[in-house]
Trainee: 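Pasting in a structure now, in structure tokens, and then I'll have a few things to ask.
We name chains A, B, ... by the order of the sequence lines, and we start the count at 1 in each one.
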2 protein chains.
Amino acid sequence: MIIRIDELSDVPIYLQIRNQIVMGISSGELAGGEQLPTVRALALEMGINTMTVSKSYQLLKQEGYIMTDRKNGARVRTEIRVQGGISDSNKTELKRIVSEARLSGVSRQEIVSLVDEYYGTDDKG
Amino acid sequence: MIIRIDELSDVPIYLQIRNQIVMGISSGELAGGEQLPTVRALALEMGINTMTVSKSYQLLKQEGYIMTDRKNGARVRTEIRVQGGISDSNKTELKRIVSEARLSGVSRQEIVSLVDEYYGTDDKG
DNA sequence: TTCTTTGTATTAAGGTTAGTAATACAAAGA
DNA sequence: TCTTTGTATTACTAACCTTAATACAAAGAA
């Protein structure tokens with residue numbers, strides 16, 4: 001999976017990496033059990049510090065998305081630990097995004113279409 | 001409208017204020033033309049610095065959500081300037097939220113229901 | 001054993017941002 | 001003249017992000 005960093009974003013690099021890996025897992029682009037690049041390889045490839053990548057991996061590990069093992073590297077968990085629904089902060093963020101969209105003339109249907117696109121077209125919803 | 005600050009949130013105070021006002025406008029809790037609290041009053045009420053509130057108002061003004069006028073204070077614009085759809089950063093945020101929700105077992109329908117709730121039940125979508 | 005590669009830890013430093021504090025200004029109405 | 005409004009300035013503290021340079025333990029390979 002290709003990870004791209006937006007230098008102009010307010011989101012810290014380690015969070016951008018974390019977010020893209022989470023989205024990759026959800027979309028299926030990253031399969032369960034799949035090997036992730038080593039922290040050094042990814043840091044070199046992206047021209048950033050190894051500790052920045054390590055921070056991303058530690059966060060993903062703590063959240064239950066990946067497993068890390070010395071010498072084995074990092075792998076996507078086959079069974080993602082669920083954390084019980086949508087977090088309060090994500091609900092607030094969703095409300096903010098919907099509000100801004102609505103005030104800029106975006107229809108409800110356009111938002112729902114985006115949700116469908118991001119959720120994927122499997123039998124989960 | 002009651003504005004509440006989450007001290008534990010990663011979101012800066014000035015942004016929390018800005019976001020809650022935007023959501024208030026979208027929900028109709030803040031009507032077009034409605035007077036907002038003065039920067040000093042809101043700062044005193046919330047126990048924060050006036051410049052922090054001022055920063056929120058400047059941002060809202062720049063984005064076209066409110067108008068500020070010396071001696072007249074700040075008011076919600078009657079005609080919100082649209083900015084052309086959902087921003088790229090909001091799309092990315094939405095994708096992240098949907099991905100996290102999906103991986104924690106939330107159904108597509110649950111997300112859509114939240115969107116409906118936040119969008120409101122008028123004839124816009 | 002020795003070497004290499006893995007994630008991880010440590011320490012230091014620099015840069016940016018958020019927030020506060022204290023004060024002041026211009027505009028406009030009372 | 002006085003008050004209230006948003007706004008501006010300057011200085012300071014604190015927190016966070018990122019980099020840098022090393023180093024360590026674990027585990028497989030040679």
Trainee: Taking for each residue the nucleotide of DNA chain C with the nearest heavy atom, is it B:P12 or B:D69 whose nucleotide lies nearer the 5' end?
Mentor: B:P12
Trainee: Send over the distance from A:L44 CG to D:dT19 C1', rounded to a whole Å.
Mentor: 15 Å
Trainee: Does C:dG15 have a Watson-Crick or wobble partner in any strand here, with both distances under 3.5 angstrom, and which is it?
Mentor: D:dC16
Trainee: Using side-chain heavy atoms (C-beta onward) and a distance below 4.5 Å, is A:I3 in contact with A:I21?
Mentor: yes
Trainee: Looking only at the side chain of B:M51 (C-beta and beyond, no hydrogens), which of the listed nucleotides D:dT9, C:dG7, D:dA21 gets closest?
Mentor: D:dT9
Trainee: Counting heavy atoms from C-beta on, name the nucleotide in D:dT7, C:dA21, C:dA18 closest to the side chain of B:R40.
Mentor: D:dT7
Trainee: Do A:E100 and A:R96 have side chains that approach each other closer than 4.5 Å (heavy atoms only, starting at C-beta)?
Mentor: yes
Trainee: Only pairs with both distances under 3.5 Å count, Watson-Crick or wobble alike; so what is the partner of C:dA27 in this structure?
Mentor: D:dT4
Trainee: Looking only at the side chain of A:R70 (C-beta and beyond, no hydrogens), which of the listed nucleotides D:dA20, D:dA25, D:dT7 gets closest?
Mentor: D:dA25
Trainee: Please state whether the phosphate of D:dC17, meaning OP1 or OP2, lies under 4.0 angstrom from any side-chain nitrogen or oxygen of A:Y14.
Mentor: yes
Trainee: Respond yes when some side-chain nitrogen or oxygen of A:K61 is under 4.0 Å from OP1 or OP2 of C:dG7, and no when none is.
Mentor: no
Trainee: For A:S113 and A:E117, test the side chains for any donor-to-acceptor distance below 3.5 angstrom and give the result as yes or no.
Mentor: no
Trainee: Does B:R77 have more than 12 heavy atoms from other residues, nucleotides or ligands lying within 6.0 Å of its CZ?
Mentor: yes
Trainee: Taking only side-chain nitrogens and oxygens of A:T52, does any of them come within less than 4.0 Å of OP1 or OP2 of D:dT19?
Mentor: yes
Trainee: A:K71 or A:G47: which one's nearest nucleotide on DNA chain D is closer to the 5' end?
Mentor: A:G47
Trainee: Check this one for me: any side-chain N or O of A:K55 less than 4.0 Å away from OP1 or OP2 of D:dT18?
Mentor: no
Trainee: Does A:T68 place a side-chain N or O at less than 4.0 Å from the phosphate oxygens OP1/OP2 of C:dT8?
Mentor: yes
